[in-house]
Amino acid sequence: MKYVNQPVVKKDAMALVTGKPVYTDDIAPKDCLIVKVLRSPYAHALIEEIKTEAAMKVPGIECILTYKDVPQQRFTLAGQTYPEFSPYDRLILDQRVRFVGDGAAIVAGKTEAAVDKALKLIKVKYKVLPAVLDFHEAKDNETLIHPEDNWEAKMPVGADNKRNLCAQKEESLGDVDALLKECKYVVDRTYHTKANQQTMMETFRAYTYLDYFGRLNVVASTQVPFHVRRILGRALGIGASKVRVIKPRIGGGFGAKQTAVCEMYPAIVTLKTGKPAKIVYSRYESQICSSPRHEMEVRVRLGADEKGILKAIDIHTLSNTGAYGEHGPTTVGLSGHKPLGLYRNTEAYRFSYEVVYTNQMSAGAYRGYGATQGIFAVESAVDELAHEMGMDPVAFRERNLSKEGGRFIGYDGSPWVTSCTLDKCLARAKEMIGWEEKYPCRDMGNGKVRAVGSAIAMQGSSIAKVDVGGASIKLGEDGSYTLGLGATDMGTGCDTILAQMAADVLETDFDNIVVFGVDTDISPYDSGSYASATTYVTGMAVADACEQLREKIKELGAAMLETEADQVEFDGKSVYKLDGQGEVSLESIAVKGTSGNNTNLQASATRSSQISPPPFMAGIVEIEIDKETGTLEILDYAAVVDCGTPINPNLARVQTEGGLAQGIGMALYEDIQYNEKGQMRNNSFMQYKIPTRMDLKNIRVEFIPSYEKSHPFGAKSIGEMVINTPCPALANAVYNAVGVRIREMPITPEKIAMALAQKEEKEE
């Protein structure tokens, strides 16, 4: 291959570094109405009266909408394949507000100043209701968050709005309880991860307008253009055929933009006024009314025999979906299925979960999508079990981890491990960090101690039997190719890696591939950029479409050479006779395609997969802790990844480093907190801390590729899995350093210092 597995520069690199206007707000029409939302100050309330007369008198105000002005058919904002697993529990505006920040009214005007003034003049009389703020108390609480009769669950996920249940389920293999009783070593621990914000650079934003045919055009920073079209069609009551969605360049998503957080607001303003409208969320709004990671509490029971063989795993997850159910029934599944798949010797397992509604901001998708929470819990428990046995935790993992050719336990993406170098990844990470010399810790003699901690992780490559990738490829009259994609490049570089695949299949120059961004009117259908699907599933579609086009080029070239297609070959530059008696250039074929031609020099392909072959990763961290203050510093992080064939090693490395940074943020800094009234305390970057490059120090990434035979280039995914090792690796390193176990993220200096103080009191 000339381009696959090569560090090709991103297609949009120059546009970005030279500051070209490529993002949603850059290209929005200057005459757009400015749209903002009046937000509830209460966690749970009914709107008894809302007066807008004074606000409407503000010069420049065009439109003020309340719950009385919007359709009453419920929908979900989750960008998922239809029928969605997430319940239909939303209205554009509802008389019942369910969290602090929920929408109470929509205001649109010619200037931001006018809109801001009007927002202050709207008078709302609320009937304040009891709020459910603790997710432990939500199920069967007398306060119902969704008492409405038109609440609907499209899929049988165990949802019951009259019990505050968004989903529940239990699955098992064998008799877990009996096997745990037989195990010599057993641990039973509970771990807690809080909500986290994606904090992408570009906040939520969209603009809308009506075209010449009266159709609603939506230009949005979204990961799921085709799902947004369907969501808006239902929410607005106009049907998907009346909606067109266009995706410009995205300034990051990380799962947040798999939920259609803001698109409905300018859309309904445009329908009501006939005028273009746009909304741009402030950072404050992105903090208090967006789609953060689900808070989860995970109880883990593990059992092993005297030989260090992991026999039984029992996982129960309680997940807080917040006020609405976006992604609630689906994220929770990964909290069990992904950590279960890491270990091969398990004879019995049970995985159960409950997802509950509360009066907090609705949660959604975030990189790792539930696997991050579950892997933190299980990988922490694995270390605790190894310590109970007096065994090196890495040695315990080496004895039990999944290997290529073996069977998966509890993983819903494939019954067999089709490709895997996890054992080699772990061995290499040990070598990189110097595990044998540094485990468990070293006292530095100055009140500080250094220690190492380890974890392994896996994810998936698309959702098996669900996700769809689409691609089209067309030969232009100058011999160039146009690659049409339905997948969304949100900074990951998928436009680039898919063009690399196309260039190699067509044997052409990378720069000869022109990539066309997503437009739901003309792009091939694609589920969207989530679930680590693009490289794997859309990559298959790209390869298929390009192979089809090759055959069409050969067919036309053969006709021009007055022979049969099976008598010619195509080398990317020309079609030539196998007997060497003639050839015709690609440029000549391209020109022929525009005149007197019956061969369509264009091809499209759609691909899905029956399996979801997971990427794997080993992560080992070295830290230093000041025992007096509890301050933790990361000295070194060794990450070794199996993502199959890295299509673009540079982009794969950036993906890994970025995922590790977000995982470290979740582990050490990020801490969404609510007060007793349900108001978020961390509503800006002054309170909500994320790591800077200075906090990350030395991150080292290496790849040990496997070859995934189900993909034309042997590739698997990488985007999500790379966030999953920091939380458990750091928690394990803290224990190795100072002997205290932190089971709640984030691991703050205060928690370490207080745990050490409690430990000293007990020892005295």
Side-chain angles (χ1 to χ4, degrees), residues 189 191-199 254 292-298 300 335 338-339 366-384 393 429 433 450-457 459 617-626 630-639 656-673 682 688-699 701 720-738 740-755:
R189 304 287 189 269
Y191 305 88
H192 182 206
T193 61
K194 298 185 179 181
N196 304 118
Q197 288 288 5
Q198 296 88 350
T199 62
F254 310 117
R293 187 186 298 283
H294 288 76
E295 176 186 21
M296 291 187 188
E297 184 176 87
V298 186
V300 182
S335 72
K338 295 303 186 284
Y366 186 178
R367 193 179 203 163
Y369 203 78
T372 313
Q373 297 95 308
I375 287 174
F376 161 62
V378 172
E379 284 298 280
S380 295
V382 163
D383 255 53
E384 297 204 52
I433 210 76
R450 293 184 177 182
V452 289
S454 64
I456 56 176
Q459 196 75 27
M617 178 178 178
I620 302 184
V621 65
E622 182 180 8
I623 65 170
E624 182 175 85
I625 292 179
D626 185 321
T631 303
L632 184 156
E633 180 182 358
I634 295 176
L635 302 178
D636 195 7
Y637 205 111
T656 307
E657 292 173 351
L660 289 171
Q662 288 182 308
I664 290 168
M666 178 179 176
L668 300 182
Y669 305 105
E670 300 178 45
D671 189 11
I672 285 182
Q673 300 173 0
N682 322 79
Y688 188 79
K689 302 299 183 182
I690 59 175
T692 69
R693 187 66 185 87
M694 296 299 292
D695 297 309
L696 302 180
K697 300 294 170 58
N698 191 32
I699 292 179
V701 176
E720 291 188 279
M721 175 263 306
V722 290
I723 198 174
N724 292 334
T725 60
C727 288
L730 283 160
N732 294 336
V734 169
Y735 179 82
N736 292 335
V738 293
V740 297
R741 174 63 61 175
I742 308 296
R743 299 189 180 95
E744 180 187 71
M745 296 289 102
I747 306 169
T748 61
E750 292 82 1
K751 288 180 183 177
I752 296 174
M754 291 177 67

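Any value given below was found using the heavy atoms of this structure, including those in side chains, with hydrogens, waters and symmetry copies removed.
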Dump the intermediate steps for side chain to side chain donor-acceptor pair (under 3.5 Å) on Tyr735 and Ser380, then the final yes or no. CA-CA 10 Å; Tyr735 179 82; Ser380 295; over 6 Å; no

Indicate the atoms forming the closest heavy-atom contact of [X] with [Y], along with that distance.
X: Gly368; Y: Ile723; value: CA-CG2, 4.0 Å
X: Gly453; Y: Ala733; value: N-CB, 3.5 Å
X: Ala729; Y: Val621; value: O-CG1, 3.6 Å
X: Asn724; Y: Glu720; value: ND2-O, 4.0 Å
X: Thr656; Y: Ala639; value: CG2-CB, 4.4 Å
X: Arg367; Y: Val722; value: NH2-CG2, 3.8 Å

With side chain to side chain contact (heavy atoms under 4.5 Å, CB included) as the test, would you mind laying out the steps for Tyr366 and Gln662 before giving the verdict? CA-CA 10 Å; Tyr366 186 178; Gln662 288 182 308; 3.4 Å; yes

Mind checking whether [X] and [Y] have side chains closer than 4.5 Å, heavy atoms only?
X: Thr725; Y: Tyr637; result: yes
X: Lys194; Y: Ile672; result: no
X: Val452; Y: Glu622; result: yes
X: Glu295; Y: His192; result: yes
X: Ile620; Y: Ser454; result: yes
X: Pro292; Y: Asn196; result: no
X: Ile690; Y: Gln197; result: no
X: Met617; Y: Leu660; result: yes

Can you check side chain to side chain contact (heavy atoms under 4.5 Å, CB included) on Asp695 and Ile634, steps first, answer last? CA-CA 8 Å; Asp695 297 309; Ile634 295 176; over 6 Å; no

Rounded at 0.5 Å granularity, tell me how far [atom1] in [X] sits from [atom2] in [Y].
X: Arg189; Y: Asp383; atom1: CZ; atom2: CG; value: 12.0 Å
X: Tyr669; Y: Ile664; atom1: OH; atom2: CD1; value: 8.0 Å
X: Tyr191; Y: Gln373; atom1: OH; atom2: CD; value: 15.0 Å
X: Thr193; Y: Met745; atom1: OG1; atom2: CE; value: 8.5 Å
X: Lys697; Y: Ile623; atom1: NZ; atom2: CD1; value: 13.0 Å

With Asn736 via side chain to side chain donor-acceptor pair (under 3.5 Å) - residues at least two apart: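 Scan of Asn736 (side chain to side chain donor-acceptor pair (under 3.5 Å), adjacent residues dropped) gives His387.
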
Report the residues that fulfil side chain to side chain donor-acceptor pair (under 3.5 Å) with Glu670, sequence neighbours left out, ordered by chain and then residue number. Tyr688

Quick one: does Gln673's side chain have a donor or acceptor within less than 3.5 Å of a partner on Asn682's backbone?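 Between the backbone of Asn682 and the side chain of Gln673 there is no qualifying donor-acceptor contact (under 3.5 Å).
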
Arg743 bridged to Glu384 by N-O distance under 4.0 Å: yes

